[in-house]
Amino acid sequence: MRKVSLTLILLLIFYSISYSQQLQKKDTKIIVVSADTSNLFNRIILALFERGYSIESKDEQLKLLASTERAWGSRSVKIRAMIKDSVIIFTGQVANNVTISLWGAKAERTFDNIYYGGMKGSDLRIAWEELDSFAKEFGSDLKYSK
């Protein structure tokens, strides 16, 4: 009985440590280790296009990509990618498309970095889920970072 409880405790500790090294609140980067590195830069461009994004800027030498914003509903999302050998680092930005005007004062729309947080169904959480699902198209070995 004692061995069983000790084993369970060790499994719980191992699980909590491995989980805590994964996705945490305020993480802004999704790091993907891609097994297939052939033509990775162009595959990312094609995947962005298939999701309705266009390319705002790209640097093939430095392997940097930035999409234009894609609007749906009350939000807009931009996706950025940086490729280093077989590693892709995805980040993004989100903006609310609602403008507020009170007594002549207007709130300007600004883009904020996408991070893991927000309530379920919020603009921030939906933007994170978009970025995360896009990153998963390039591999299942994902890590998250600030």
Side-chain angles (χ1 to χ4, degrees), residues 6-103 105-146:
L6 181 61
T7 303
L8 285 174
I9 291 171
L10 290 173
L11 283 173
L12 281 171
I13 291 171
F14 176 74
Y15 177 76
S16 65
I17 289 171
S18 66
Y19 181 75
S20 70
Q21 292 175 349
Q22 295 298 315
L23 185 58
Q24 296 181 12
K25 292 284 185 185
K26 303 286 185 176
D27 280 347
T28 60
K29 297 176 185 169
I30 302 173
I31 303 162
V32 181
V33 178
S34 180
D36 181 12
T37 60
S38 65
N39 213 10
L40 196 51
F41 193 76
N42 288 332
R43 287 187 10 233
I44 294 172
I45 292 172
L46 182 61
L48 284 168
F49 180 77
E50 288 172 346
R51 283 190 176 232
Y53 293 92
S54 297
I55 303 302
E56 183 176 317
S57 64
K58 66 180 182 175
D59 186 327
E60 291 186 49
Q61 185 177 6
L62 295 175
K63 301 208 182 205
L64 300 172
L65 282 170
S67 76
T68 57
E69 63 185 271
R70 175 179 166 228
W72 76 96
S74 64
R75 70 196 67 79
S76 289
V77 172
K78 294 180 183 182
I79 294 178
R80 297 179 300 210
M82 178 173 54
I83 304 167
K84 295 179 178 179
D85 300 321
S86 64
V87 176
I88 313 164
I89 301 170
F90 290 104
T91 59
Q93 293 183 313
V94 62
N96 193 326
N97 288 337
V98 177
T99 56
I100 300 171
S101 179
L102 291 171
W103 300 291
K106 240 184 191 180
E108 289 192 30
R109 186 175 81 118
T110 58
F111 278 90
D112 295 315
N113 288 331
I114 295 173
Y115 62 87
Y116 178 68
M119 295 186 315
K120 192 173 189 176
S122 69
D123 289 345
L124 182 60
R125 180 62 64 93
I126 291 169
W128 175 264
E129 290 168 357
E130 167 77 359
L131 184 63
D132 193 49
S133 71
F134 184 74
K136 287 177 180 173
E137 290 184 29
F138 298 94
S140 58
D141 184 8
L142 275 66
K143 294 182 178 35
Y144 301 94
S145 175
K146 291 190 180 359

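This chain uses plain numbering: 1 for the first residue, then up along the sequence. Everything numeric in this text was worked out from a predicted model, so none of it was measured.
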Original post:
Should we count CZ of F111 as having more than 12 external heavy atoms under 6.0 Å?
Top reply: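 Above 12, so yes.
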
Original post:
Is the number of heavy atoms from other residues, nucleotides or ligands within 6.0 Å of NZ (K78) greater than 12?
Top reply: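 More than 12 heavy atoms, drawn from other residues, nucleotides or ligands, come within 6.0 Å of this atom.
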
Donor-acceptor pair, distance only, cut-off 3.5 Å: does the side chain of [X] make one with the backbone of [Y]?
{"X": "S145", "Y": "K29", "answer": "no"}
{"X": "S54", "Y": "T68", "answer": "no"}
{"X": "D85", "Y": "V87", "answer": "no"}

Point-to-point distance, once rounded to the nearest 0.5 Å, from [atom1] of [X] to [atom2] of [Y]:
{"X": "L48", "Y": "E56", "atom1": "CG", "atom2": "CD", "result": "12.0 Å"}
{"X": "K136", "Y": "L131", "atom1": "NZ", "atom2": "CG", "result": "11.0 Å"}
{"X": "F41", "Y": "L64", "atom1": "CZ", "atom2": "CG", "result": "7.5 Å"}
{"X": "D141", "Y": "S34", "atom1": "CG", "atom2": "OG", "result": "10.0 Å"}

Restricting to non-hydrogen atoms, name the atom on [X] and the atom on [Y] that form the minimum distance, rounded to 0.1 Å.
{"X": "R70", "Y": "Y53", "value": "CB-CE2, 3.3 Å"}
{"X": "T37", "Y": "S86", "value": "CG2-CB, 3.3 Å"}
{"X": "M119", "Y": "R125", "value": "O-CB, 3.3 Å"}
{"X": "I88", "Y": "I44", "value": "CG2-CD1, 3.9 Å"}
{"X": "E69", "Y": "S76", "value": "OE1-OG, 3.1 Å"}
{"X": "L142", "Y": "A135", "value": "CD2-CB, 4.4 Å"}

Original post:
Are E130 and R75 within salt-bridge range, i.e. N to O under 4.0 Å?
Top reply: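 No, this pair does not count.
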
**OP:** Take D132 and Y144 through the test side-chain hydrogen bond (donor to acceptor under 3.5 Å, both in side chains) and record every step on the way to the result.
**Re:** CA-CA 10 Å; D132 193 49; Y144 301 94; 2.9 Å; yes

Original post:
What pairs of residues pass the salt bridge (Lys or Arg N to Asp or Glu O under 4.0 Å) test when at least one of them lies in residues 33-43, not counting sequence neighbours?
Top reply: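 Every pair satisfying salt bridge (Lys or Arg N to Asp or Glu O under 4.0 Å) with a residue in residues 33-43: D36-R43.
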
Original post:
For the ring pair F134 and F90, is the centre-to-centre distance below 6.0 Å?
Top reply: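 They qualify: ring centres under 6.0 Å apart.
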
Subject >> side chain to side chain donor-acceptor pair (under 3.5 Å) partners for T110, two or more places apart >> reply: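 Testing T110 for side chain to side chain donor-acceptor pair (under 3.5 Å), a comparison that skips the adjacent residues, returns none.
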
Original post:
For K146, which residues count as a side-chain contact (heavy atoms from CB on, under 4.5 Å) partner, sequence neighbours excluded?
Top reply: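 If we apply the side-chain contact (heavy atoms from CB on, under 4.5 Å) test to K146, skipping adjacent residues, the hits are Q24, K26, D27.
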
**OP:** Check I89, I114, N113 against R80 for a side-chain contact (heavy atoms from CB on, under 4.5 Å) and give me the one that passes.
**Re:**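 In the set I89, I114, N113, the residue that makes a side-chain contact (heavy atoms from CB on, under 4.5 Å) with R80 is N113.
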
